[in-house]
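Order of the sequence lines sets the chain letters (A, B, ...), proteins ahead of strands, with each chain counted from 1.
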Amino acid sequence: MREKKLLDKAYDPKPVEARWSKFWLDEKLFVADVHSPGPKFSMVLPPPNVTGVLHMGHALCFTLPDIIVRWKKMQGYNTMWLPGTDHASIAVHNVIEQQLAEKGLSREKVGREEFLRIAWDWKNKCGGLITEQLKRLGCALDWSRERFTMDEGFSRAVKYVFVQLYREGLIYRDYYLVNRCPRCQTVLSDIEIEHKEVQGKLWYIKYPIPGTDDGVVVATTRPETMLGDTAVAVHPEDERYLKYHGQKVLLPLQNRLIPIITDERVEKDFGTGAVKVTPAHDPVDFELGRKHNLEQVIVIDGSGRMTEAAGPEFQGLDRFVCRQKVVEKLQELGLLVKVENYTHAVGHCYRCKTVIEPHLSWQWFVKIEPLAREAIRVVEEKKIVFIPENWTKTYFDWMYRIHDWCISRQLWWGHRIPAYYCQNCQHIMVVMEEPAACEKCGGSLVQDEDVLDTWFSSALWPFATMGWPEQTEDLKVFYPTDLLATGFDIIFFWVARMIMMGMKFMKDVPFRQVFINGLVRDMKKRKMSKSEGNIIDPLEMIKKYGTDALRFTLSSLAVPGMDIALSEERMAGYRAFANKIWNASRFVLMNLSEEPFEPDPAQLTLPNRWIRSRLLRITRQLNSALEQYKFYEASEIIYHFIWHEFCDWYIEFIKPELRAGNKHTMAVMEDTLEKILRLLHPFMPYITEEIWHHLPGTGRSLLEASWPEFPDSWLDEEAENTMKFLQEIISEVRSIRAENKIPVREQVNLWVEGGETSRKVAGPYEAAIRQLAGVDRIEYVEELPADKKLLKGVAGTTKIGLLVAAPVNLEQEKERLEKELRKVREDIAKLEVRLNNPDFLAKAPAAVIEDHQKRLAELKLKQATLEKSLGELNERS
RNA sequence: GGGCGAUUAACUCAGUGGCAGAGUGCUACCUUCACACGGUAGAAGUCAGAGGUUCAAAUCCUCUAUCGCCCA
């Protein structure tokens with residue numbers, strides 16, 4: 001006799017999740033082995049910020065690939081999914097600085113060494129939080145391979161790449177105008193700037209021509225920068241200014257003479273057509289300045305304060321305070337001609353939202369064009385495919401307009417740039433190991449103070465995590481990875497750069513498919529953000545509804561290319577689903593056979609043949625949906641099958657057979673549940689694992705069970721048709737009962753037309769029909785008689801009647817029939833219009849025409865039945 | 001200014017040319033021995049609007065409106 005482990009009445013996720021989460025990790029079920037058999041399937045996890053906390057975006061972006069990786073593993077793939085965290089240079093740097101500020105300290109006060117010590121301490125203390133939270137999601141991540149972008153090996157890889165690119169001339173140093181966040185005190189790359197429309201002003205300032213009353217009026221949105229102007233530019237063909245060519249104007253407030261230059265890049269339509277040129281504080285002016293050899297006067301420093309060069313009146317002022325003061329002064333001098341309202345895009349820091357300041361300084365850059373070329377090619381050649389495909393266009397649009405990448409950051413937390421400057425001869429050495437002295441003159445060396453952009457190291461993630469630059473087994477087996485799942489917001493930051501670096505250093509793509517998931521938004525489709533207070537916390541959802549419900553919710557809402565509006569109601573719905581599965585399993589467990597039993601296919605009753613046929617079909621549909629990453633579709637398929645076919649029909653239908661002790665049925669029931677658990681496991685790993693272990697004779701973990709495949713012989717169209725017929729009878733009876741408000745307790749008898757033919761089909765399942773439809777006796781007749789107490793309906797193409805004890809409420813019954821008749825007539829009319837159209841008959845495919853004809857025939861039969869029943873009713877009333 | 005996407009039941013959303021769907025909510029009935037986190041039945045739609053292509057359009061094309069996102 002087999003041991004029966006029964007389930008509690010309701011599913012309680014908490015203890016189950018805690019148990020299995022620990023079990024999976026203890027048993028090292030997610031740990032990959034390079035020598036395992038089977039085709040490999042590998043992924044790397046987009047490393048969350050080491051200091052982060054799990055949010056809904058993570059939950060989505062980790063759940064979806066987890067479904068895939070579990071599915072693949074069950075299919076026999078040698079799967080490897082590598083986790084890790086990112087050092088998040090600027091984010092952590094900001095946090096530490098804030099902590100220091102709270103203690104009245106600053107990074108300058110504590111110094112670099114102490115600062116890094118604090119940062120590492122903090123990383124060691126808090127860095128584990130997100131990984132712990134990740135484990136709760138149940139993701140099948142190989143923690144034995146966990147990496148951190150600043151661990152020793154990874155840091156070596158970063159250095160190696162920097163040195164290599166430098167030697168090839170792909171990294172260079174330049175005195176360049178870059179974006180600087182005055183608050184974060186660092187330079188940012190172009191894509192770290194967020195452009196926002198801002199309601200500003202356009203100030204018109206007159207620059208006098210010395211010795212005359214005349215002057216040139218320039219328009220600017222940033223009057224404070226005029227203190228650093230070194231020219232005024234006009235378009236060479238602008239007739240308004242021809243007479244000023246070659247002249248000089250007096251820069252107000254500074255009393256400096258500056259030239260009027262001409263350049264095609266000046267827009268004649270902007271402002272007055274004359275623009276002030278500030279090479280040190282505006283990107284366009286910077287270019288003009290280089291071209292025309294203009295002096296670069298820096299009037300704003302890296303913190304957004306005015307420099308000495310701004311003049312004694314303004315020195316030390318904040319740039320925006322200075323703006324006001326400059327405007328006031330100009331007004332006093334009568335040089336402010338007019339002020340207009342002006343809406344324009346202003347760059348803000350993506351981290352802290354401060355208005356960025358163009359800043360002239362020495363920075364390191366990656367020469368991007370040669371790298372981008374390859375990265376474009378592999379996508380063009382479909383060596384890498386974006387899913388959904390329309391992201392390819394976005395990728396190309398950006399890649400074609402890409403410019404050099406500023407990679408140095410004036411921060412301390414991160415990979416310090418391996419460049420050493422000779423204090424004696426200014427020689428620069430870029431090497432892996434810190435040199436003792438200058439290779440040229442033997443002078444002492446000082447290392448570059450800056451660190452690298454975080455994304456520089458993230459770009460190496462797919463291969464540096466596998467031990468590169470060593471030639472490791474992992475790299476041989478698992479690179480390139482198969483799939484990268486990530487959000488569209490980091491296609492440029494991360495995906496594109498991984499492709500560039502992968503091609504450059506591995507000579508192969510880092511991944512073959514990029515699945516772009518949508519953004520998780522709140523119910524009103526707003527971005528979730530702390531300031532809006534509309535965050536739905538995944539950990540709270542897990543607490544409330546269970547991890548499986550959260551996972552299933554995300555999966556069911558994940559339409560490729562679409563953002564997700566998350567609703568808690570939905571989650572409650574899937575918690576109910578978990579409970580439903582739990583209770584169906586509970587029922588199955590209560591009805592297991594005493595001994596294991598191999599069912600004989602030849603002896604299976606209808607519901608068993610039917611459920612196996614359906615199981616086969618939905619498994620194939622499920623595979624197809626997952627292959628296309630249609631998670632919503634996969635979820636719906638399995639949800640509908642479990643709830644509305646397995647629970648609502650199959651279990652209910654076999655109850656009489658179970659009571660009769662049919663061992664074949666018991667065995668099919670058990671087997672079907674077991675297969676369902678396998679199919680559902682990638683979506684709901686915890687509950688399925690728990691139930692599975694209650695079934696007798698199962699193994700170590702459901703994750704190690706194979707993905708179900710079924711023989712074609714399970715496909716049974718005849719059983720599906722017959723079952724459909726019985727379902728229609730039952731539904732029709734229920735419907736008639738409900739519409740006529742026949743109390744549940746009232747005994748009714750069912751009459752089915754078709755005589756012996758019908759008896760043959762339905763006869764063996766009368767027990768089930770009686771129970772499900774709530775009828776007493778079933779009669780098979782050639783034709784339904786006209787009877788006051790007979791309520792009539794149609795199941796498929798078969799007329800049925802319900803013989804009730806009390807006489808029929810004529811009006812109610814008439815209303816029901818008339819309503820149905822109206823609908824049938826409408827449908828018939830629609831079909832007839834088409835079928836009477838010669839063009840339709842000539843051009844539509846034969847199958848479509850046939851289908852239409854079949855439907856019309858069925859509807860006509862139904863119409864006739866309804867009309868007849870109505871006629872009988874009318875005769876009697 | 002350029003690009004992308006959305007607009008389908010009260011709500012959240014599926015639906016790539018052939019019967020307009022799901023979940024939630026709502027209404028009525030039912031505590032029947034797996035489950036009230038349940039069962040059964042039902043109501044609910046001008047598929048944003050206008051034009052076009054087609055035998056046939058929620059679906060393809062054009063325009064318009066509204067909303068959202070990205071880039072400059």
Side-chain angles (χ1 to χ4, degrees), chain A residues 6-12 190-191 193-195 197 344-345 347 388 390-391 393-394 397-398 401 488-489 491-492 518-519 521 523-527 545-546 549 553 556-557 559 561-591 630 632-633 635-637 639-640 643-644 647-648 651-652 655 659 730-745 771-774 816 819 823 826-827 830-831 833-845 847-849 851-852 854-856 858-859:
Chain A
L6 298 184
L7 296 169
D8 295 337
K9 194 168 171 181
Y11 174 55
D12 180 12
D190 291 332
I191 52 174
I193 308 305
E194 281 176 9
H195 293 272
E197 291 270 297
H344 59 132
N390 55 319
W391 288 107
K393 185 176 162 11
T394 310
D397 282 351
W398 186 68
R401 286 181 294 117
F488 63 82
D489 46 334
I491 291 181
F492 306 145
L519 236 50
R521 296 169 183 281
M523 282 156 290
K524 288 170 190 155
K525 287 192 188 173
R526 291 173 313 187
K527 236 176 178 164
Y545 304 104
T553 305
S556 73
L557 290 169
V559 180
M562 294 282 293
D563 284 353
I564 288 178
L566 199 63
S567 79
E568 233 186 286
E569 280 175 11
R570 193 112 180 185
M571 229 147 337
Y574 291 124
R575 177 185 57 182
F577 177 51
N579 195 57
K580 186 76 181 175
I581 300 156
W582 184 260
N583 275 288
S585 306
R586 191 163 167 255
F587 175 83
V588 171
L589 287 167
M590 292 192 303
N591 288 281
K630 292 184 176 175
Y632 65 100
E633 200 174 288
S635 315
E636 207 210 84
I637 289 165
Y639 176 94
H640 185 265
W643 200 315
H644 299 301
C647 293
D648 287 353
I651 288 184
E652 295 304 326
K655 278 179 179 173
R659 257 175 250 137
I730 293 163
S731 297
E732 182 70 5
V733 173
R734 286 167 173 172
S735 179
I736 295 171
R737 280 191 86 115
E739 298 260 339
N740 286 284
K741 301 210 179 350
I742 300 167
V744 183
R745 306 210 176 283
Q771 174 141 5
L772 295 183
R816 181 181 74 88
K819 202 179 105 194
K823 176 90 184 67
E826 272 172 34
D827 289 348
K830 267 192 247 171
L831 284 174
V833 166
R834 279 201 191 166
L835 284 166
N836 290 335
N837 182 343
D839 282 332
F840 174 73
L841 295 173
K843 290 178 184 170
V848 172
I849 296 173
D851 188 57
H852 276 60
K854 203 175 119 203
R855 262 163 40 211
L856 183 64
E858 275 173 25
L859 284 169

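- Taking only distance into account, the side chain of A/Lys580 never meets the base of B/rC37 through a donor-acceptor pair shorter than 3.5 Å.
- Remark: A/Trp643 is in phosphate contact with B/rG39, judged by side-chain N or O atoms under 4.0 Å from OP1 or OP2.
- Note: CZ (A/Phe587) to P (B/rG38) measures 18 Å, nearest angstrom.
- In the set B/rA41, B/rC37, B/rG42, the nucleotide with an atom closest to the side chain of A/Lys819 is B/rG42.
- In this structure, A/Asn583 places its CG atom 9 Å from C1' of B/rC37, rounding to the nearest Å.
- A/Ala738 comes within 4.0 angstrom of sugar-phosphate atoms only, judged by non-hydrogen atoms across all strands, and of no base.
- Spacing between B/rC61 and B/rU16 at atom P, rounded to whole Å, works out to 14 Å.
- Pairing for B/rG45 is absent, with no Watson-Crick or G-U wobble pair whose two atom distances lie under 3.5 Å.
- For the OP1/OP2 pair of B/rA34 and a distance below 4.0 Å, the side-chain nitrogens and oxygens of A/Tyr11 include no atom meeting the criterion.
- A gap of 46 Å separates the P atoms of B/rA34 and B/rA58, to the nearest Å.
- For A/Phe488, whose side chain is taken as the heavy atoms from C-beta onward, the closest listed nucleotide among B/rC37, B/rC35, B/rC69 is B/rC69.
- In this structure, the separation between NZ on A/Lys9 and CG on A/Asn579 is 10.5 Å, given to the nearest 0.5 Å.
- Residue A/His195 is in sugar-phosphate contact alone, with no base atom involved, counting any heavy-atom pair closer than 4.0 Å across all strands shown.
- Taking the C1' atoms as reference points, B/rU24 lies 37 Å from B/rC63, given to the whole Å.
- In this structure, CG in A/Leu772 is found 4.5 Å from CD1 in A/Ile730, a value given to the nearest 0.5 Å.
- Closest to the side chain of A/Arg734, from the set B/rA34, B/rU12, B/rA41, is B/rA41.
- On the C1' atoms, B/rC60 is 16 Å away from B/rC47, given to the nearest whole Å.
- Put simply, CD on A/Glu636 is 10 Å from P on B/rG15, counting in whole angstrom units.
- Between A/Lys823 and B/rC19 there is no side-chain polar atom (N or O) within less than 4.0 angstrom of OP1 or OP2.
- Contacts of A/Arg737 with the nucleic acid, taken as non-hydrogen atoms under 4.0 Å apart, are absent.
- No salt bridge links A/Arg401 with A/Asp397; every basic N to acidic carboxylate O contact stays at or beyond 4.0 Å.
- When distances run from any side-chain atom of A/Ala844 to the nucleotides B/rC19, B/rC35, B/rC55, the shortest one goes to B/rC55.
- Atom CE of A/Met571 is separated from atom P of B/rU24 by 15 Å (rounded to the nearest Å).
- Of the candidate nucleotides B/rG3, B/rG18, B/rG5, B/rG3 has the atom nearest to the side chain of A/Lys393.
- Regarding contacts with the backbone of B/rA20, a side-chain N or O of A/Lys830 is found under 4.0 angstrom from either OP1 or OP2.
- The same atom, P, is picked in B/rC11 and in B/rC4; the two are 29 Å apart, to the nearest Å.
- For the C1' atoms, the distance linking B/rG49 with B/rU12 amounts to 24 Å, nearest Å.
- Along RNA chain B, the nucleotide nearest A/Val588 and the nucleotide nearest A/Gly573 are compared for position; the residue whose nucleotide lies closer to the 5' end is A/Gly573.
- A/Tyr574 has its OH atom 9 Å from the P atom of B/rG23, to the nearest Å.
- The side chain of A/Arg834 lies closest to B/rA56 when the candidates are B/rA56, B/rA34, B/rC55.
- Across all strands shown, A/His344 has no heavy atoms under 4.0 Å from either base or sugar-phosphate atoms.
- B/rU7 and B/rA65 make up a base pair, with Watson-Crick or G-U wobble contacts both under 3.5 Å.
- The distance between atom CD of A/Glu652 and atom C1' of B/rG39, rounded to the nearest whole Å, is 8 Å.
- Rounded to the nearest Å, the gap between the P atom of B/rC69 and that of B/rC30 is 50 Å.
- A residue-by-residue look at A/Ser731 and A/Gln771 shows that A/Gln771 has its nearest nucleotide of RNA chain B further toward the 5' end.
- A/Pro845 comes within 4.0 angstrom of a nucleotide base, judged by non-hydrogen atoms across all strands.
- Of all nucleotides listed (B/rG18, B/rC69, B/rC35), B/rC35 comes nearest to the side chain of A/Lys9.
- Within 4.0 Å (heavy atoms only), A/Tyr639 reaches sugar-phosphate atoms of the nucleic acid but no base atom.
- The A/Asp648 side chain lies nearest to B/rG39 when the options are B/rC35, B/rU24, B/rG39.
- Contact check, A/His852 against B/rA56: no side-chain N or O comes under 4.0 Å of OP1 or OP2.
- Between the A/Arg586 side chain and the A/Leu7 main chain, a donor and an acceptor come within less than 3.5 Å of each other.
- Among A/Trp643, A/Tyr545, A/Tyr639, the one residue that satisfies the ring pair (Phe, Tyr, Trp, His ring centres under 6.0 Å) test with A/Tyr574 is A/Tyr639.
- A sub-4.0 Å separation between OP1 or OP2 of B/rG42 and a side-chain N or O of A/Ser735 is present.
- Note on A/Lys655: every side-chain N or O is 4.0 Å or more away from OP1 and OP2 of B/rU32.
- Side-chain atoms of A/Cys647 lie closest to B/rA34 of the nucleotides B/rU12, B/rA34, B/rC37.
- Here B/rC4 presents its C1' atom at 11 Å from CD1 of A/Ile491, a figure rounded to the nearest Å.
- With distances taken from any side-chain atom of A/Arg401 to the nucleotides B/rA43, B/rA34, B/rA72, the minimum falls on B/rA72.
- Looking only at distances, no side-chain donor or acceptor of A/Arg570 sits under 3.5 Å from a matching main-chain atom of A/Leu557.
- For B/rA28, the base has no donor-acceptor partner in the side chain of A/Glu739 [N/O atoms by modelled type, under 3.5 angstrom].
- Taking atom C1' on both B/rA48 and B/rU32, the two are 47 Å apart, rounded to the nearest angstrom.
- Counting to the nearest Å, the C1' atom of B/rA6 and the CG atom of A/Asn390 are 13 Å from each other.
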